[in-house]
Peer 1: 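I'd like to ask you about the structure that follows.
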Amino acid sequence: MLHARWITTARRTLLGSLLMVLVTLSGCSLFQPELEDPEFRLERIDALELGLTQQRFMLTLAVDNPNSQSLPVRAISYDLRVADLDFADGSSDKAFTVAGNDTTMVEIEARSQLLSSLPELIRLVHGGQRNFDYAITGTVEYGRFFRGSRDFDQTGSVRLLLD
């Protein structure tokens with residue numbers, strides 16, 4: 001008799017615990033904050049290496065967080081066009097956090113294969129042109145507990161330094 005009561009009590013406790021876990025997990029989605037999309041602006045491009053087969057650049061991105069809470073970024077993947085040329089693509093899993101209602105500057109190393117376009121870019125830069133139109137598209141993965149991803153698409157003008 002005592003054994004049967006213990007089994008019934010253990011079952012009730014187990015079922016109650018499972019129910020509590022399910023309610024908690026479903027509640028998490030209800031309390032997930034609705035975040036506004038961060039904005040990514042390309043501030044500058046610095047040449048690190050201009051080889052024949054591969055070029056390396058440092059991209060400086062300004063990440064604007066319009067939300068009042070901080071935004072932890074886990075990874076970024078991107079495609080970059082500069083002066084209507086496929087300039088670079090890549091990804092970075094270097095995590096960073098943007099404080100609420102703030103801007104953080106992030107540097108990402110990019111590799112490119114501009115063999116056919118590099119001479120034209122160098123000619124333009126040595127001719128005095130420093131600012132070029134760009135378009136950057138990509139995906140940002142954010143969050144610690146409430147994970148998600150958002151796409152971004154930004155155009156503008158960027159300073160290209162090949163010196």
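Every value quoted in this text rests on a predicted model; they were computed, and no experiment measured them. Atoms considered below: every heavy atom in the structure, side chains included; atoms not considered: hydrogens, waters and symmetry mates.
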Peer 1: Roughly how far, to the nearest 0.5 Å, is the CZ atom of Phe152 from the CG atom of Asp37?
Peer 2: 11.0 Å

Peer 1: Distance check, rounded to the nearest 0.5 Å: Glu141 atom CD versus Ser77 atom OG?
Peer 2: 7.0 Å

Peer 1: Within a strict 4.5 Å, meaning less than it, do heavy atoms of the Leu42 and Leu61 side chains meet?
Peer 2: yes

Peer 1: How long is the gap from CD1 on Ile136 to CZ on Arg81, to the nearest 0.5 Å?
Peer 2: 13.0 Å

Peer 1: With rounding to the nearest 0.5 angstrom, report the OG1 to CG distance, Thr155 to Asp133.
Peer 2: 8.0 Å

Peer 1: If you define the side chain from C-beta out and look only at heavy atoms, does anything of Phe132 sit under 4.5 Å from Ile45?
Peer 2: no

Peer 1: Quick check: closest heavy atoms across Pro66 and Asp64, and the distance to 0.1 Å?
Peer 2: CD-O, 3.4 Å

Peer 1: Before giving the answer on side chain to side chain contact (heavy atoms under 4.5 Å, CB included), spell out for Leu71 and Thr97 the whole-Å C-alpha distance, their side-chain angles and the decisive distance to 0.1 Å.
Peer 2: CA-CA 6 Å; Leu71 181 66; Thr97 299; 6.0 Å; no

Peer 1: Tell me the closest heavy-atom pair linking Tyr134 and Arg41, and the distance in Å.
Peer 2: OH-CA, 3.7 Å

Peer 1: Looking only at side chains, do Thr139 and Asp151 share a donor and an acceptor under 3.5 Å apart?
Peer 2: yes

Peer 1: Nearest 0.5 angstrom please: Phe87 CZ to Phe57 CZ, how far?
Peer 2: 3.5 Å

Peer 1: For the residue pair Ile108 and Ile76, establish whether any side-chain heavy-atom pair is separated by less than 4.5 Å.
Peer 2: yes

Peer 1: Phe40 vs Val140, test: side chain to side chain contact (heavy atoms under 4.5 Å, CB included). Steps then yes/no.
Peer 2: CA-CA 10 Å; Phe40 292 81; Val140 59; 3.7 Å; yes

Peer 1: Under 6.0 Å from the CG atom of Asp84, do we count more than 12 heavy atoms belonging to anything else shown?
Peer 2: no

Peer 1: Check step by step if side chain to side chain contact (heavy atoms under 4.5 Å, CB included) holds for Arg111 and Gln55.
Peer 2: CA-CA 6 Å; Arg111 297 181 188 275; Gln55 299 78 42; over 6 Å; no

Peer 1: Do you know which two heavy atoms are closest between Ala99 and Thr104, and how far apart they sit?
Peer 2: N-OG1, 4.5 Å

Peer 1: Once rounded to the nearest 0.5 Å, what's the spacing between atom CG of Asn131 and atom CG of Leu160?
Peer 2: 9.0 Å

Peer 1: Treating Asn65 as the side-chain partner and Asn67 as the backbone partner, does any N or O pair qualify as donor plus acceptor under 3.5 Å?
Peer 2: yes

Peer 1: Could you report the tightest heavy-atom contact between Thr60 and Met105, atom names first, then the distance?
Peer 2: CG2-CE, 4.3 Å

Peer 1: Kindly give the heavy-atom pair with the smallest separation between Gly148 and Arg74, and that separation in Å.
Peer 2: O-NH2, 4.0 Å

